[in-house]
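Proteins get letters first, then strands, A, B, ... in listed order; numbering begins at 1 in each.
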2 protein chains.
Amino acid sequence: MSEDHLGKIRVLVVDDHPIVRVGIAAIIDARPDMMTVAQTGDAEEAIRLFEQHLPDITLMDLRLPKMSGVEAIRAIRLRHPKACFVVLTTYEGDEDIYQAIEAGARAYVIKGMPHEALTDALRRVHAGGRFLPPPISRALAQRTPDSDLTSREREVLSLLAQGRTNKEIAMELGITVATVKCHVSVILMRLQATDRTQAVVTALQRGLAHL
Amino acid sequence: MSEDHLGKIRVLVVDDHPIVRVGIAAIIDARPDMMTVAQTGDAEEAIRLFEQHLPDITLMDLRLPKMSGVEAIRAIRLRHPKACFVVLTTYEGDEDIYQAIEAGARAYVIKGMPHEALTDALRRVHAGGRFLPPPISRALAQRTPDSDLTSREREVLSLLAQGRTNKEIAMELGITVATVKCHVSVILMRLQATDRTQAVVTALQRGLAHL
DNA sequence: CCGGCCATCCGACCAGAGTCGGAGTTGGTT
DNA sequence: AACCAACTCCGACTCTGGTCGGATGGCCGG
């Protein structure tokens, strides 16, 4: 190992697919001005590795086993408020993006973009800037004020997205069917859906719920 | 470029994510007994590249823009029945797997497995064998005879999965609501669902429909 | 040629879903 | 204290969704 890492952008890579990690590392380590310091597919180990290496930038996938990438970002930022994050993920709806930005991500790159998008994002963020591809910022702009659901509504929505009936949801939450119907009505309004099936579909599209 | 490619397993890589292609190529080209001959993210170009290089094995993602990976496999096999395919994709339900095996894929590797799974699969397939990870063959074994839908039912299901009502589906297909209800009932039976929302959820899980 | 599968259609029935309007509780904000 | 938002509940009404039984014509394989 050479000792020429002075001045290089030091990157921690977090993605649950080993193959993707190899690809990212290959791209980054091929550039003279950046290098990877560690990689993992596990959110908890990511937190440990961050403490250990204190990288300039953490490259983070959002969909991870156990803990989500957003939670990992929040956890790290609690102790290191100046930590820099670039999200690298397949496009999975505006909600994930919104959450990630909210949690403090400074850039958002979609897998499937050319390599330059990734390295560009890293350089810009390291220089103190941001990087949001046009399709992403467009999606974000379309969020209306009441696309936010209350925590109870998210709870109901996730049960809806499992194909449960109102009665089952009522049992599960220990409330009456009438109340469930109220929540469902509000959800339909917020998602601009006309029935529960449509609500589930758009929730999955936007990343408000997962399979 | 050295001329030591004699005897190596020659691989064509097809995946729509540039980063993943880099990762795969890095892994394969690091082994002494295999090499990549070309790569692309486009199914149609994949067909051209196959004709041009006649690789020993084509490593194929199923989810591609425009044409699906399964269709690409079928197209190539029409003219080259002895062509070898290894599917490399994120797990997206048993239906994709079934279709791919049906179309002639000899191995199925899930992104997120360690590198060795990939190289193992390539070597085994090149030796004339097969490679199906336990979770995959388990999922395949659970297919009951009547989990197959007729083409009309698939048509209805994909409209269901868009959140359309029976009336809308009837309009779309130029049939009556009564007939749509019949199809929906059959679909519910086949998917072992009790209502349309559940049917949509399990269809998405199993890869019978997509967002 | 006939049985079976598929797609089509019908009518009637029941249960679930969704709407509307009204109303009480809590907890946090101003 | 006044207020607002979220959560809770109720009843009654409408309409979609789903089931059941029965029926037709086309198409394919034995």
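In this structure, A:H183 atom NE2 and C:dT19 atom C1' are separated by 16 Å, rounded to whole Å. Atoms CG (A:N166) and C1' (C:dT19) sit 13 Å apart, rounded to a whole Å. At whole-Å resolution of the value, CG in B:D195 and P in C:dA17 are 7 Å apart. For the pair A:I187 CD1 and D:dA6 P, the computed distance is 13 Å after rounding to whole Å. In this structure, the CD atom of A:Q192 is 18 Å from the C1' atom of C:dG18, given to the nearest Å. Remark: P of D:dG18 and NZ of B:K167 are 15 Å apart, rounded to the nearest angstrom. Summarising the geometry, the separation between CZ on B:R190 and P on C:dC5 is reported as 11 Å, rounded to the nearest angstrom. Distance A:E155 CD to D:dC7 C1': 12 Å, rounded to the nearest Å.
For B:L188, whose side chain is taken as the heavy atoms from C-beta onward, the closest listed nucleotide among C:dC10, D:dG18, C:dC6 is D:dG18. Comparing C:dT8, C:dC6, D:dG18 against the side chain of B:R152 picks out C:dT8 as the nearest. Nearest nucleotide to the side chain of A:S185, out of D:dG18, D:dC7, C:dG18: C:dG18. Minimum atom distance to the side chain of A:T179 is reached by D:dT8, of the listed D:dT19, C:dG18, D:dT8. Considering only the side chain of B:I175, C:dC9 comes nearest among D:dC9, C:dC9, D:dG18. With distances taken from any side-chain atom of A:K181 to the nucleotides D:dC9, C:dA7, C:dT19, the minimum falls on C:dT19. Closest contact between the side chain of B:C182 and the listed nucleotides D:dT8, C:dT8, D:dC10 involves C:dT8.
The residues B:D16 and B:R63 are annotated as not salt-bridged, no charged nitrogen and carboxylate oxygen being separated by less than 4.0 angstrom. For the pair A:K111 and A:D15, the salt-bridge criterion is met [side-chain N within less than 4.0 Å of a carboxylate O].
Rounded to 10 degrees, the angle separating the terminal axes of the helix from C:dG3-D:dC28 to C:dT30-D:dA1 is 40°, with each axis obtained from five end pairs.
Considering all non-hydrogen atoms of both residues, B:Q39 and B:L49 come closest at O-CD1, 4.0 Å. Here the closest heavy-atom approach between residue A:G41 and residue A:P65 is recorded as O-CD, 3.8 Å.
Listed pair B:T150 / C:dA7 meets the phosphate criterion, a side-chain N or O lying under 4.0 Å from OP1 or OP2. The side chain of A:T176 contributes an N or O atom lying less than 4.0 Å from OP1 or OP2 of D:dC9.
Separating the OG atom in B:S158 from the CG atom in B:L149 is a distance of 11.0 Å, to the nearest 0.5 Å. One distance of note links CG of A:L159 with CD1 of A:I169; it measures 5.5 Å at 0.5 Å rounding.
Nearest-nucleotide positions on DNA chain C place B:A178 closer to the 5' end than the other of B:A178 and A:T197.
B:D56 places a side-chain N or O within 3.5 Å of a backbone atom of B:R10 that can act as its donor or acceptor partner. Judged purely by atom type and a 3.5 angstrom limit, B:Q198 uses its side chain to pair as donor or acceptor with the backbone of B:T194.
At a threshold of 4.0 angstrom between heavy atoms, the contacts of B:V184 are confined to the sugar-phosphate backbone, with no base atom among them.
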